[in-house]
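From a predicted model like this one, the values you see are computed outputs, not experimental measurements. Excluded from the calculations below are hydrogen atoms, water molecules and symmetry mates; all remaining heavy atoms, backbone and side chain alike, are included. Chain letters run A, B, ... following the sequence lines, proteins first, then strands; residues in each count from 1.
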Amino acid sequence: EAGVAQSPRYKIIEKRQSVAFWCNPISGHATLYWYQQILGQGPKLLIQFQNNGVVDDSQLPKDRFSAERLKGVDSTLKIQPAKLEDSAVYLCASSLMGASGSTSDTQYFGPGTRLTVL
Amino acid sequence: AQSVTQPDIHITVSEGASLELRCNYSYGATPYLFWYVQSPGQGLQLLLKYFSGDTLVQGIKGFEAEFKRSQSSFNLRKPSVHWSDAAEYFCAVVASGGSYIPTFGRGTSLIVHP
């Protein structure tokens, strides 16, 4: 079974530029998550999709971050314009359902995209 | 809202020694609890999870964790550490009601000496 795919693996940009990350979840997984992991910290959830609908985006800085999951499969996360504090690893994860209490709640993580903003 | 505390930023053990990584949570009811491992340049891999039932949970790679409600803890243990266990370990909690929004601890870095 193929895992969660992410690209690019690394990206270096200058502040105020824009950047986009792509994620392809495990086939059949309805729920997709984007996390931001700043160096020395645990992952912080940015946005959660169930199929192509947003379940939670309360921690997404909507003035500069946007995400979409068209057709309920792969997803893109965009930052425009980037700030220095956006330097982090951006992790994508997927799970079969994501419904609370389901034993299918296990999240499978991709390798992440390491973003450096100069 | 729930929160997770991993009090140890770094833990150093010798290969073959036992290991215990601490995790404390704050939540009004019994949460869902998880331990993940992250090797350098890799995503997170689930080691084990607790939803309900037996409070001693067995996971992959010889790890286990025990849920102690009275102490609000979910410590990760391994009887004999291998050099390949060197990695970052994250505890996570999910509220057992409502939307499935996980909260992660800051992580504990495990260093294994030969």
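As a member of the Ile/Leu/Val/Met/Phe/Trp/Tyr network built from side-chain separations under 4.5 Å, A:I38 groups with nothing else and remains a singleton.
Formation of a donor-acceptor pair under 3.5 Å by the A:Q6 side chain with backbone atoms of A:C92 is found in this model.
Residue A:Q59 does not touch chain B at all, counting heavy-atom pairs closer than 4.5 Å. The part of B:Q38 that comes within reach of chain A is its side chain, from C-beta onward, which places non-hydrogen atoms under 4.5 angstrom from that chain. Neither the backbone nor the side chain of A:R114 comes within contact range of chain B, judged by heavy atoms closer than 4.5 Å. Within the 4.5 angstrom heavy-atom criterion, only side-chain atoms of B:L46, from C-beta onward, approach chain A.
Between B:F51 and B:F34, the ring planes are perpendicular. Angles over 60° get that label, and only those under 30° would be called parallel.
None of B:F104, B:F90, B:Y36 except one satisfies the ring pair (Phe, Tyr, Trp, His ring centres under 6.0 Å) rule with A:Y35; the exception is B:F104.
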